[in-house]
Amino acid sequence: MTHSAHDEPSGPAGFDSLAIHAGQAFDPTTGAVIPPVYLSSTFVQRSIGDLRGGYEYSRSANPTRTALEQQLAGIERGAHGLSFPSGLAAEDALLRTVLRPGDEVLTGNDLYGGTYRLLARVLEPWGIAVRVVDTTDLDAVRAELSASPAKVLWIETPSNPLLRVSDIAALSSLAHEFGALAVVDNTFATPALQQPLALGADAVVHSATKYLGGHSDVIGGAIVLNDDELAERLRFVQNSTGSVSGPLDAWLTSRGIKTLGVRVQRHSENALAVARFLEASGRVAAVHYPGLASHPDHELARRQLAAGFGGIVSVSLGSSDAARRFTESAGLFQLAESLGGVESLANYPHAMTHASLQGTELAVPDDLVRLSVGIESVDDLLRDLGRALDAADGAVSARAEDAR
Ligand SMILES: *Cc1c(COP(=O)(O)O)cnc(C)c1O
């Protein structure tokens, strides 16, 4: 039985308190408020096998990583947290722990490109079958699960890049009805907005690179779950394959998590303003943001994402030329992959983050731009996007002139 700070009846219980304090006790030898970065690969034993605090070798466990893992469990309100060197490493460890050749994974049809690449290009050759369904359509998911049993139902919500919202509680109980494990990629919402384990999911995965780290300065991943036995097997696979985050990376991620609540609140406010601005401009084909009444999953999003709709806004510009011009001419929104940092970024998924999906049924439309709305002053963000819209219109008229 793992004992973490949030189990203490007298300990802090609120999300922001857990983000700041879970696993983050001051250093008992010096009183340093911030737990030190343990840059040590190995640990001196009192006598053979008599370890100080359970540490022997940093691949198996490292105190800085332990501090992060307790913090991760705290914010997702799970029993066990595991920290990985990247989001994909976390996904890989989880999938290889629960799947055997011949097993099937059922996944949503709007999905981070790297997750699909891991499933289709790395795991399929080892005998895993991957099937795709629209997880916003519960009847379709039921039909798929009854047609052929899946071992894992992979749920990304809100999804990347179209921000579709899937019903975690309903999908988890469907998965359990058919004996599948419900896994939620909680990278976009973060536990500041949604806590999938409380809604019935079996495991949560994260790219900690994004909002958890929050400052675009570290690559990391995480798994949080309640099941003791599965957690044990995951730790065995993690140690056996060496898929661990280093202490400096773990420390940076811990530091980021402490401000997750306030950052996500501001990301959500700015993103809603950006989404409304773009929609009201009448100059784009569609704005994809779960906080807009026009979004197909708005009602579910209001129920499931209690405190905000997150910081990602996608925009359909109507043509690939316009999308490229828009992305390349935004200034404050810097042209880069990734998301979730304090600074705003613009990404062209078709040729960047989701390029590996081209030619598959998950291919991203070529007129789509994904904005990671940062926490800068919102007026500056809107002015920047106004200029980008001018440039996108320029692309249209330039083409019209070519045609003449
Ligand atoms: C970035 C991302 C991942 C992969 O995480 P890495 O840290 O880049 O390995 C997985 N899922 C989603 C939704 C992501 O955005």
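Numbers here simply count residues along the sequence, with the first being 1. Hydrogens, waters and symmetry mates are skipped; everything else that's a heavy atom, side chains included, is used. Order of listing sets the numbers, starting from 1, for every ligand and every atom in it. Bear in mind that the values here come from a model prediction, so they are computed numbers and not experimental data.
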Problem set entry | Nearest non-hydrogen partners of Ala250 and Ser245, listed with the distance | CB-OG, 4.4 Å
Exercise. With respect to Arg164, which candidate in Asp297, Asp137, Asp110 satisfies the salt bridge (charged side-chain N to carboxylate O under 4.0 Å, His left out) definition?
Worked result: Asp297
Exercise. Out of curiosity, is His206 lining ligand 1, as in a heavy atom under 4.0 Å away?
Worked result: no
For this session: May I ask you to check whether Gly87 has an N/O atom sitting below 3.5 Å from an N/O atom of ligand 1?
Result: yes
Exercise. Which protein non-hydrogen atom lies closest to atom 14 (C) of ligand 1, naming both residue and atom, and how far is it?
Worked result: Lys210 NZ, 3.0 Å
Exercise. For ligand 1, is there an atom lying under 4.0 Å from some heavy atom of Ala89?
Worked result: no
Exercise. Without hydrogens or angle criteria, can the side chains of Thr187 and Ser207 be said to hold a donor-acceptor pair below 3.5 Å?
Worked result: no
For this session: Using distance alone, determine whether Leu88 and ligand 1 share an N or O pair under 3.5 Å.
Result: yes
For this session: Give the C-alpha distance, both sets of side-chain angles, the deciding distance and a yes or no for side chain to side chain contact (heavy atoms under 4.5 Å, CB included) between His215 and Arg263.
Result: CA-CA 10 Å; His215 296 74; Arg263 280 188 289 108; 3.9 Å; yes
Exercise. Looking only at heavy atoms, what is the nearest atom pair of Ala336 and Leu345, with distance?
Worked result: CB-CD2, 4.0 Å
Exercise. Among protein heavy atoms, which sits nearest to atom 10 (C) of ligand 1, and what does the distance come to when rounded to 0.1 Å?
Worked result: Glu91 OE2, 3.3 Å
Exercise. Of the listed options (Phe188, Tyr211, Tyr112), which comes nearest to atom 3 (C) of ligand 1 when hydrogens are ignored and any heavy atom counts?
Worked result: Tyr112
Exercise. Is the closest side-chain donor-acceptor distance between Asp202 and His176 under 3.5 Å?
Worked result: yes
Problem set entry | Min N/O separation Asp185 to ligand 1 under 3.5 Å | yes
For this session: Report yes if Thr115 has an N/O atom closer than 3.5 Å to an N/O atom of ligand 1; otherwise report no.
Result: no
Exercise. Are Pro63 and Phe43 side-chain neighbours, meaning at least one heavy-atom pair lies under 4.5 Å?
Worked result: yes
Seminar exercise, completed: In ligand 1, the atoms that come under 4.0 Å of a heavy atom of Gly220 are 7 (O)
Exercise. Which of the atoms of ligand 1 are close to Asn160, meaning less than 4.0 Å from one of its heavy atoms?
Worked result: 15 (O)
Exercise. Which atom pair, heavy atoms only, marks the closest approach of Pro191 to Asn186?
Worked result: N-ND2, 3.6 Å
